[in-house]
Amino acid sequence: MATWLRLRRCIALDSRSLFSVRCSSSSSGKSKAEKKLVDRISAVIDAVNDRKLPPELRGQRNNVRSETDMINVVEQRIWHSMEEGHFENLPGKGKPLKLDTNPHADPAEDTLYRILSKNGCAPEWVELNKEIRSKISEWRISLKKAWANKCSGDQSGWVENSEALKLQLQEINNKVFRYNLIVPFGRQMIGLKWEKELGYLEE
């Protein structure tokens, strides 16, 4: 029991090297026995960690085993499988994919979207997205016309048109704000800016 306690004091596990040995003992005979035991334990730890790696990376204790090495091994295996034709006789080959369920979506939302699509409806954010895009394209056409009139010398018409266009722009941005509140994460839109749109025209 005392030897085991001394051994526990001697081995300190480290996150990078998994262990480091720090022993200090009064008798030299006991420290040699403990060192042998520690060496055996470290060999077992190395062997266990080695077994977790793909065969191509096993036994390379001195080489760096990075994430890139792992990715390269996986890609090589995929290419070898493709060359040997392992992907040729997969079930469902040549048939359309069944995209009825979305594995990444919340099951309740997925069921709701399926019911909507079977009844010819789309979620509110999809409809709002279409509406925003059509409004933006119409607004940009109107802006181009007003800009062309301004360039031809109609300054008074530009002032009136620009005020109306700014109001329309604000309505579009309000719809974009509403859309961003109800759309699934990662599909948000950026609102329009008057100065930026004029900059595109000037270019």
Side-chain angles (χ1 to χ4, degrees), residues 15-16 52 54 64-82 86-88 90-203:
S15 63
R16 270 189 250 153
K52 293 178 184 175
V64 178
R65 294 169 182 164
S66 65
E67 190 177 339
T68 311
D69 293 338
M70 300 291 279
I71 290 169
N72 289 340
V73 169
V74 170
E75 285 181 356
Q76 284 175 1
R77 286 187 178 184
I78 290 170
W79 278 107
H80 288 306
S81 297
M82 285 172 67
H86 291 278
F87 297 130
E88 292 299 318
L90 293 175
K93 182 185 175 187
K95 297 176 184 173
L97 293 173
K98 292 181 181 177
L99 301 173
D100 299 336
T101 58
N102 182 359
H104 306 292
D106 179 34
E109 283 183 8
D110 192 40
T111 307
L112 177 67
Y113 291 154
R114 246 184 298 123
I115 292 168
L116 286 170
S117 95
K118 281 181 183 175
N119 292 302
C121 299
E124 183 186 358
W125 61 269
V126 172
E127 296 294 337
L128 194 54
N129 186 308
K130 289 179 188 174
E131 185 184 342
I132 289 168
R133 290 185 185 281
S134 69
K135 292 268 184 197
I136 287 174
S137 65
E138 288 171 12
W139 183 83
R140 283 186 171 148
I141 290 167
S142 302
L143 180 64
K144 282 180 185 175
K145 285 180 184 174
W147 185 259
N149 290 339
K150 180 195 171 197
C151 291
S152 65
D154 186 11
Q155 293 294 333
S156 61
W158 167 251
V159 173
E160 292 173 17
N161 288 335
S162 64
E163 290 303 318
L165 287 166
K166 282 178 184 175
L167 288 173
Q168 291 172 11
L169 179 71
Q170 190 165 359
E171 287 174 15
I172 290 170
N173 283 337
N174 289 341
K175 286 183 191 251
V176 168
F177 180 72
R178 175 167 165 57
Y179 170 82
N180 287 340
L181 291 175
I182 61 173
V183 74
F185 180 74
R187 300 188 180 190
Q188 281 74 19
M189 295 175 82
I190 298 171
L192 299 177
K193 291 188 178 176
W194 178 256
E195 294 80 14
K196 214 179 234 186
E197 295 296 323
L198 287 182
Y200 295 145
L201 289 174
E202 287 170 358
E203 288 174 4

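Everything numeric in this text was worked out from a predicted model, so none of it was measured.
Separation of atoms OH (Tyr200) and NZ (Lys196) is listed at 5.0 Å; rounding is to 0.5 Å. The line from CG of Leu169 to CG of Asn174 is 9.5 Å long, rounded to the nearest 0.5 Å. A distance of 4.5 Å separates CG of Leu201 from CG of Leu143, quoted to the nearest 0.5 Å. Atom CG in Leu90 sits 12.0 Å away from atom NZ in Lys95 (nearest 0.5 Å).
With sequence neighbours excluded, the residues satisfying side-chain contact (heavy atoms from CB on, under 4.5 Å) with Arg114 are Asp100, Thr101, Asp110, Thr111. Partners of Trp125 according to the side chain to side chain donor-acceptor pair (under 3.5 Å) rule, which considers only residues two or more places apart in sequence or in another chain, are Tyr113. Lys118 meets the side-chain contact (heavy atoms from CB on, under 4.5 Å) test with no other residue; sequence neighbours excluded. Shown here are the side-chain contact (heavy atoms from CB on, under 4.5 Å) partners of Phe177, two or more places apart in sequence or in another chain: Leu181. Partners of Lys93 according to the salt bridge (Lys or Arg N to Asp or Glu O under 4.0 Å) rule, which considers only residues two or more places apart in sequence or in another chain, are Glu88. Remark: Gln170 pairs with no residue by the side chain to side chain donor-acceptor pair (under 3.5 Å) rule, at least two apart or across chains. Evaluation of the side-chain contact (heavy atoms from CB on, under 4.5 Å) rule for Ala148 yields no partner, not counting sequence neighbours.
Note on residues 128-142: pairs passing side chain to side chain donor-acceptor pair (under 3.5 Å), not counting sequence neighbours, are Asn129-Arg133, Asn129-Tyr179, Glu131-Lys175, Arg140-Glu197. Among residue pairs with one or both ends in residues 152-171, those qualifying as ring pair (Phe, Tyr, Trp, His ring centres under 6.0 Å) are Trp147-Trp158; sequence neighbours excluded. The salt bridge (charged side-chain N to carboxylate O under 4.0 Å, His left out) analysis of residues 159-172, with sequence neighbours excluded, yields no pairs.
Listed here is the closest heavy atom pair of Arg178 and Leu128: CG-CD2, 4.1 Å. Shown here for Phe87 and Ile78, the closest heavy-atom pair between the two residues is CE1-O, 3.8 Å. Minimum heavy-atom separation, Ile132 to Met189: CG2-CE, 3.7 Å. Across every non-hydrogen atom of Asn173 and Gly191, the tightest pair is OD1-CA, 3.3 Å.
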